[in-house]
Amino acid sequence: MATAIESGIGRINYGRQSGKGTIATAATTTVGYNRPKWEDGHLSPGKKLGVAEYIDGNRFASPSTYTDMVGGEVGSLTLQLQPENIGLYAAAILGVDTVTGSSDPYTHTITSAGTTGHWGTWWQSVGSAVGPEKEVYYDSKIAKLQVSSTFADKVVRGTLDIQALKAARVYTTAPAKTEDSSDPYYHTEATGSFVVDSLTIREVTESMLDVDTQMKPLWGDDIAPLQLIEGKGLITRSMKTIVTDDTLDKFQLAVYNSATPSAGDDPSASVFYANMTQTYTRSATRTATITTPNVAIDPDGMSVAPSKSGGEVELTLGGKALKSGATPALSVVVLCAESGSFA
């Protein structure tokens, strides 16, 4: 009788590569290597078939069939972000990390000023008595990173869209890096730190940061892709709150370019730009601060309207994050025990 694979038993490991073409080393446990708390999603080989029809005199198709491609967009992972790795994955996509300090805590300043992200290796294992199925994905990059938290379920999550040139190679030796024991950051560890243009907003129920490189794989003379090519990247930022006497001003600035519009004022052609920041604080030595100094607040979909059943009026403040002069569009400043650069 057949035995089903144990889908609840698995692990994912990440290792930063020294460069394209050089797979990370499974035995390494130093900076750049991590076994995260893997909540959802998976990587897959991305093997797809193609067909070429021809006229053969038969009623039903029997086309020439071939392997079209392997790899490329290999999947999405949802990870619970911890003090040890929130900076690692931010640096992996942004490519810049300046470390200061002479002892724990070290300050990692990760910004969007870089020109490329880092090549990485992912080891994925599923099963125990059956299998386990072990696949390694390397010459990979994080094409998109979304960092989010909500009051509803508290955990700070990172959703990583992964693209890889080398997909689903079989491996046997398990990565040596073990899982860090700390809890993930929580939404409620940002209490009193959600700030929009110097206004602290306590009623933030959701926070979202989205870094999208617009990456696409490119194939040539092989079924595996040869390049991962970025487009013009986009960074967006938003905070979901409710309309109060404080946040109503932000709505009015976005629509009228005035916190106190007068009778007869029409929606303005001016754009409202806001500095948005928040800090997750586990302790004085374990923090993560996300700052977007120049967000073009998008009023599309904003409204302040009554409801027959009453209740709160939701308001989402956010939009595209832009650079502010020489200041990058995004900075992630992390305090942690790691002395080496994540980049």
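The shown structure was predicted, so the numbers you read here are calculated from the model rather than taken from an experiment. All values below were derived from every heavy atom in this structure, side-chain atoms included, with hydrogens, water molecules and symmetry-related copies excluded.
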Enclosure of Tyr256 OH (heavy-atom neighbours >12, cutoff 6.0 Å): no
Evaluation steps, side chain to side chain contact (heavy atoms under 4.5 Å, CB included), between Ser181 and Glu179: CA-CA 6 Å; Ser181 61; Glu179 182 181 294; over 6 Å; no
From Leu49 atom CG to Met69 atom CE, the distance as rounded to the nearest 0.5 Å: 11.0 Å
Derivation and outcome, side chain to side chain contact (heavy atoms under 4.5 Å, CB included), residues Met208 and Val147: CA-CA 6 Å; Met208 181 77 71; Val147 178; over 6 Å; no
Heavy-atom side-chain contact between His108 and Cys336 under 4.5 Å: yes
Validation row: Asp221, Leu226 side chains within 4.5 angstrom (heavy atoms): yes
Spacing of CZ belonging to Arg157 relative to CG belonging to Leu79, to within rounding of 0.5 Å: 11.0 Å
Donor-acceptor contact below 3.5 Å, side chain Thr244 vs main chain Thr247: yes
Ser112 and Lys323 side chains, donor-acceptor separation under 3.5 Å: no
Pair Arg286 + Asp104, salt bridge at N-O below 4.0 Å: yes
Proximity of Tyr89 and Phe342 rings by center, below 6.0 Å: no
Expected output: side-chain Glu133 to main-chain Gly127 donor-acceptor under 3.5 Å: no
Stepwise side chain to side chain contact (heavy atoms under 4.5 Å, CB included) test for Thr67 and Lys48: CA-CA 6 Å; Thr67 296; Lys48 299 177 183 177; over 6 Å; no
Electrostatic pair Asp246-Lys250, nearest N-O below 4.0 angstrom: no
From Ile242, Leu315, Leu317, residue fulfilling side-chain contact (heavy atoms from CB on, under 4.5 Å) relative to Ile201: Leu317
Approximate separation, where rounding is to 0.5 Å, of Ile142 CD1 and Ser140 OG: 7.5 Å
Under 3.5 Å side-chain donor-acceptor pair for Ser207 and Gln278: yes
Smallest separation among heavy atoms of Asn275 and Pro293, with atom names: OD1-CA, 3.3 Å
Nearest non-hydrogen partners of Ala224 and Leu165, listed with the distance: CB-O, 3.7 Å
Ser148 backbone acceptor or donor facing Thr150 side chain under 3.5 Å: no
Main-chain N/O of Gln214 paired to Asp212 side chain as donor or acceptor, under 3.5 Å: yes
Worked verdict on Arg169 versus Glu135 for salt bridge (charged side-chain N to carboxylate O under 4.0 Å, His left out): CA-CA 5 Å; Arg169 175 174 290 184; Glu135 300 167 358; over 6 Å; no
Same apolar cluster: Phe194 and Val243, side chain cutoff 4.5 Å: yes
Gap separating the CG atom of Leu330 from the OG1 atom of Thr327, nearest 0.5 angstrom: 12.0 Å
Side-chain donor-acceptor pair present, Glu39, Thr78, cut-off under 3.5 Å: no
Common cluster, Trp38/Ile162, ILVMFWY with side-chain heavy-atom separation under 4.5 Å: yes
Cluster check Leu94, Leu160: I/L/V/M/F/W/Y, side chain < 4.5 angstrom: yes
Closest approach of Ala274 to Val196 (non-hydrogen atoms, all atoms of both residues): CB-CG1, 3.9 Å
Donor-acceptor pair, side chain of His118 and main chain of Ala343, under 3.5 angstrom: yes
Check ion pair Lys320-Asp298 (N to O, under 4.0 angstrom): no
Residues Tyr280 and Ser149: side-chain donor-acceptor under 3.5 angstrom: yes
Validation row: Thr28, Lys177 side chains within 4.5 angstrom (heavy atoms): no
Main-chain N/O of Thr279 paired with Ser193 side-chain donor or acceptor, under 3.5 Å: yes
Polar side chain donor-acceptor pair, Lys20 to Gln227, under 3.5 angstrom: yes
Closest heavy-atom pair and its distance - Ser303, Val313: O-CG1, 4.2 Å
Backbone N/O of Ala143 and side chain of Thr213: donor-acceptor pair under 3.5 Å: yes
Verdict with reasoning, Thr109 to Thr107, per side chain to side chain contact (heavy atoms under 4.5 Å, CB included): CA-CA 6 Å; Thr109 302; Thr107 300; 4.1 Å; yes
Residue pair Gln82 / Asp180, side-chain donor-acceptor N/O under 3.5 Å: no
Check: Asn13 side chain, Trp122 main-chain N or O, donor-acceptor pair, under 3.5 Å: no
Close side-chain approach of Glu338 and Tyr106, heavy atoms under 4.5 Å: no
Distance-only side-chain donor-acceptor flag, Ser283 / Thr285, under 3.5 Å: yes
Donor-acceptor contact below 3.5 Å, side chain Thr25 vs main chain Ala27: no
Minimum-distance pair of heavy atoms, taken over all atoms of Ala91 and Asp97: CB-CB, 4.3 Å
Glu84 side chain to Asn34 side chain, donor-acceptor N/O pair below 3.5 angstrom: no
Rounded distance (nearest 0.5 Å) linking atom CG of Asp210 with atom OG1 of Thr236: 4.0 Å
Same apolar cluster: Tyr137 and Val70, side chain cutoff 4.5 Å: no
Cluster check Ile93, Tyr14: I/L/V/M/F/W/Y, side chain < 4.5 angstrom: yes
Qualifying residue for side-chain contact (heavy atoms from CB on, under 4.5 Å) with Met276, from Ile297, Val195, Thr291, Asp197: Ile297
Test side-chain hydrogen bond (donor to acceptor under 3.5 Å, both in side chains) applied to Ser307 and Ser309, step by step: CA-CA 5 Å; Ser307 169; Ser309 57; 3.2 Å; yes
Student check: side-chain heavy atoms of Val156 and Pro184 closer than 4.5 Å: no
Separation of His187 NE2 from Lys154 NZ (nearest 0.5 Å): 8.0 Å
Donor-acceptor pair between Tyr185 and Arg282 side chains, under 3.5 angstrom: no
Tyr33 versus Ala24, closest heavy-atom pair with distance: OH-CB, 3.3 Å
Within 6.0 angstrom of Lys134 NZ, more than 12 heavy atoms from elsewhere: yes
Cation-pi geometry met for Lys141 and Trp119 (6.0 Å, 45°): yes
Gln252 side chain to Asn257 backbone, donor-acceptor under 3.5 Å: no
